[in-house]
Amino acid sequence: MNNAEIAKVFEDIADFLELKGENVFKIRAYQRAARAINHLPKEIEVMVGLGEDLKAIPGVGEAIARKITELLTTGKLEYYEKLRAEFPPGISTLLTIPGIGPKTAMKLSSELGIQTIDELEQAIKDGRVAGLFRMGDKTAENILRQIQMVRHKDMRIPIGEAQPIVDHIIDALKTIPGVKNLTPAGSVRRFKETVGDIDLMGTADDPEAVILALVRLPLVKQVLAQGPTKASVIATNGLQVDLRFVEHDSFGSLLQYFTGSREHNIILRERAVKQGLKLSEYGITDRTIDRLEKFASEEAFYRRLGLQYIPPEIREAMGEIERAEQGTIPELVELSDIRGDLHVHTDWSDGQNTLEEMANAAIKLGYEYLLITDHSAGLVVAHGLDRERLNRQLEEIAALNRRFSGFRLLAGAEVDIRADGRIDAPEDMLSRLDVVVGAVHSSMGQSKERMTRRILGAISNPHIDIIAHPTCRLIGEREPSEVDLEAVFRAAVEHGKALEINAMPSRLDLKDIHAYRARELGVKLVISTDAHQAEHLQLMRFGVGVARRAWCEAEDILNTRPLAEFLSALRR
DNA sequence: GCCGTTTTCGGCCCGACTGTTTTCAGTCG
């Protein structure tokens with residue numbers, strides 16, 4: 001049973017307790033534990049295996065620890081089963097509709113016998129819902145609208161699709177005179193792998209003019225709300241964009257508040273209460289004298305709380321507040337630290353640009369090296385290179401290198417790790433390359449045991465230096481393959497092999513919490529784009545975002561090192 | 001149910017909006 005599944009049980013328990021009208025703090029305790037479990041970089045099964053104390057997880061105490069153990073050992077939880085049996089089966093479905101909370105769900109279920117969204121829709125159209133106590137026509141209409149929203153739209157989109165919209169809007173609005181501080185907040189700023197909406201914040205001499213410019217942008221499909229300091233619009237891809245302006249002197253607290261995460265802010269506010277302070281988007285209030293202090297910058301805001309500045313990417317309630325108290329927040333890796341890209345395709349296999357074009361694009365980014373990793377012959381669909389074509393590519397790389405100074409093309413390959421763990425290229429071919437990347441491209445539905453054995457085989461292969469996209473997931477399209485990552489991480493350390501953080505926004509693999517755990521265990525990491533055309537090299541920032549969310553410093557990432565140092569680190 | 005440089009008992013984050021109400025419950029971020 002994985003962490004997500006365990007967390008789901010506790011989320012459901014919280015929902016059921018809420019339906020029962022239980023103590024709100026008890027409900028909150030279950031929700032808090034569920035969130036903590038979801039964000040845990042380590043699988044709980046692994047923790048139990050290592051004999052670690054589950055009560056070390058923040059929000060998990062005696063009772064929940066016992067319930068987790070019962071879940072893991074027996075596969076189910078009696079407390080949960082009993083609770084679930086108390087309610088009609090459809091009621092959880094009703095709770096998924098925004099605007100319907102526990103009270104409304106219970107009312108709909110007990111008084112109208114509604115179990116499904118279709119039944120709810122029918123009841124609204126019949127006027128039965130509006131007739132309930134403390135419900136009216138407007139409430140019923142709102143629910144109907146939410147049902148339609150839920151039906152024809154996937155709520156979250158990959159950050160790679162949101163970021164270009166953010167860039168476009170900011171570019172268009174920042175030229176307006178008197179505009180300052182225009183920046184995304186929320187999950188975009190924290191570089192989460194998917195985002196549900198875009199929050200933009202700023203300060204301006206004339207906010208209304210900026211808002212007018214926003215609603216007139218071609219990419220705005222619909223205007224939901226438009227006021228003097230705030231606007232909400234729907235972009236052409238269906239994503240909601242909120243833009244909000246405040247006075248310059250309170251920008252810091254506003255940005256902090258809307259950047260989140262929710263969990264981070266809750267802990268921050270709980271801590272502030274103990275100091276006699278109250279936090280809000282407007283600033284910090286000293287409760288004893290009831291005076292509000294405003295903050296122009298986030299740095300000043302955190303400083304007032306006695307905390308070191310915390311980068312947005314790690315504001316996830318993973319212990320960053322304690323570290324900020326001690327002044328030991330790590331200096332996270334930055335895009336400008338990256339000296340080369342290590343996973344790049346050209347028109348020799350399934351890429352679109354020539355070797356020279358890719359090299360020039362890398363030089364333009366200020367890189368010192370670029371590892372060419374066209375597919376090997378096993379991937380016929382990708383026009384993989386056989387011995388003869390690889391020889392010719394090596395000659396061309398050598399010829400190009402004679403023309404460069406301060407930059408080097410490295411010869412490599414992305415070899416396929418076959419279903420049985422063998423590699424689709426002969427050893428004598430691999431030994432002529434500077435660096436070899438291995439990756440799984442087929443039979444991704446194998447059992448956990450087979451997939452793990454397959455990857456461990458590749459890690460122990462002396463010719464392979466880096467394992468690319470270790471879980472093979474495609475966000476929103478393909479689930480990660482089942483693999484014992486803890487075993488993979490330990491093997492990578494043992495054999496001195498590097499694991500990739502794939503920066504392609506549809507992959508981001510390893511993902512944040514997995515990269516976090518890998519770093520903890522001392523795995524060497526690289527960040528690569530898996531570029532199939534020159535423009536893709538610019539996707540590096542998404543991989544850096546993942547690395548920062550994993551608390552990585554520059555020294556944790558091999559391709560922040562100068563060429564000679566990078567090569568010797570790989571060679572052990 | 002969790003948790004503790006004010007506590008092993010008594011607290012537990014903050015503000016806004018909406019719709020239904022004559023003062024507030026429910027929901028959300």
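The basis for the numbers below is simple: all heavy atoms, side chains too, and nothing from hydrogens, waters or symmetry mates. Residue numbering restarts at 1 for every chain, and letters A, B, ... go by the order of the sequence lines.
Salt-bridge formation is detected for the pair E486(A)/R490(A): a Lys NZ or Arg NE/NH1/NH2 atom is positioned less than 4.0 Å from an Asp or Glu carboxylate oxygen. Salt bridge absent: R66(A) and E70(A) never bring a charged side-chain N and a carboxylate O closer than 4.0 Å. Under 4.0 Å is where a charged nitrogen must lie from a carboxylate oxygen, and between E316(A) and R190(A) at least one such pair does. Using a 4.0 Å cut-off between charged nitrogen and carboxylate oxygen, E193(A) and R473(A) count as a salt-bridge pair. We find that E78(A) and K82(A) are joined by a salt bridge, their nearest charged nitrogen and carboxylate oxygen being less than 4.0 Å apart. Looking at D171(A) and K174(A), a side-chain N of the basic residue comes within less than 4.0 Å of a carboxylate O on the acidic one, giving a salt bridge. Checked for salt-bridge contact, R548(A) and D556(A) miss the test: no charged N lies under 4.0 Å from a carboxylate O.
Between the side chain of T69(A) and the backbone N or O of A65(A), at least one donor-acceptor pair lies under 3.5 Å. Side-chain atoms of N181(A) never come within 3.5 Å of backbone atoms of H248(A) as a donor-acceptor pair (strictly under, hydrogens ignored). The backbone N or O of T259(A) lies less than 3.5 Å from no partner atom in the side chain of D199(A), so there is not a single donor-acceptor pair.
Atom name P, nucleotides dC12(B) and dT7(B): the rounded distance is 16 Å, in whole Å. For the C1' atoms, the distance from dG26(B) to dT20(B) is 11 Å, rounded to whole Å. Comparing the P positions of dG11(B) and dT22(B) gives an interatomic distance of 31 Å, to the nearest angstrom. Atom name P, nucleotides dC3(B) and dT8(B): the rounded distance is 16 Å, in whole Å. Nucleotides dC28(B) and dC13(B) have their C1' atoms positioned 14 Å apart, rounded to a whole Å. Look at the C1' atom in both dA16(B) and dT5(B): the space between them is 35 Å, to the nearest Å.
Rounded to whole Å, atom C1' of dG1(B) lies 10 Å from atom CG of L17(A). Here the C1' atom of nucleotide dG29(B) and the CD atom of Q146(A) are 13 Å apart, to the nearest Å. Rounded to whole angstrom, the span from the CD1 atom of I267(A) across to the C1' atom of dG4(B) amounts to 15 Å. Counting to the nearest Å, the P atom of dT5(B) and the CD atom of E322(A) are 11 Å from each other. In this structure, CG of L94(A) is placed 16 Å from C1' of dG26(B), rounded to the nearest angstrom. Distance CG (L54(A)) to C1' (dG1(B)): 16 Å, rounded to an integer number of Å. Atom P of nucleotide dG1(B) and atom CZ of F16(A) are separated by 16 Å, given to the nearest angstrom. With rounding to whole Å, R271(A) atom CZ is found 16 Å from dT6(B) atom C1'.
Counting any heavy atom pair closer than 4.0 Å across all strands shown, K55(A) reaches no nucleic acid atom. Using a 4.0 Å heavy-atom distance criterion, V60(A) is classed as a sugar-phosphate-only contact. At the heavy-atom level, I100(A) lies under 4.0 Å from the strands shown only through sugar-phosphate atoms.
A heavy atom closer than 4.0 Å to some atom of DNA chain B occurs in R134(A), M135(A), G136(A), D137(A), K138(A), T139(A), N142(A), these being the qualifying members of residues 120-145 of chain A.
When each of K274(A) and K103(A) is assigned the nucleotide of DNA chain B with its nearest heavy atom, K274(A) is the one assigned upstream, toward the 5' end.
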Would you list the protein and nucleotides 10-14 of chain B atom pairs, both N or O, that sit under 3.5 Å from each other?
{"residue": "dC13(B)", "atom": "OP1", "partner": "R28(A)", "partner atom": "NH1", "Å": "2.4"}
{"residue": "dC13(B)", "atom": "OP2", "partner": "E270(A)", "partner atom": "OE2", "Å": "2.5"}
{"residue": "dC13(B)", "atom": "O2", "partner": "R269(A)", "partner atom": "NE", "Å": "2.5"}
{"residue": "dC13(B)", "atom": "O2", "partner": "R269(A)", "partner atom": "NH2", "Å": "2.4"}
{"residue": "dC14(B)", "atom": "OP1", "partner": "R287(A)", "partner atom": "NH2", "Å": "2.3"}

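Base pairing analysis places dT8(B) opposite nothing; no Watson-Crick or G-U wobble pair with both distances below 3.5 Å involves it.
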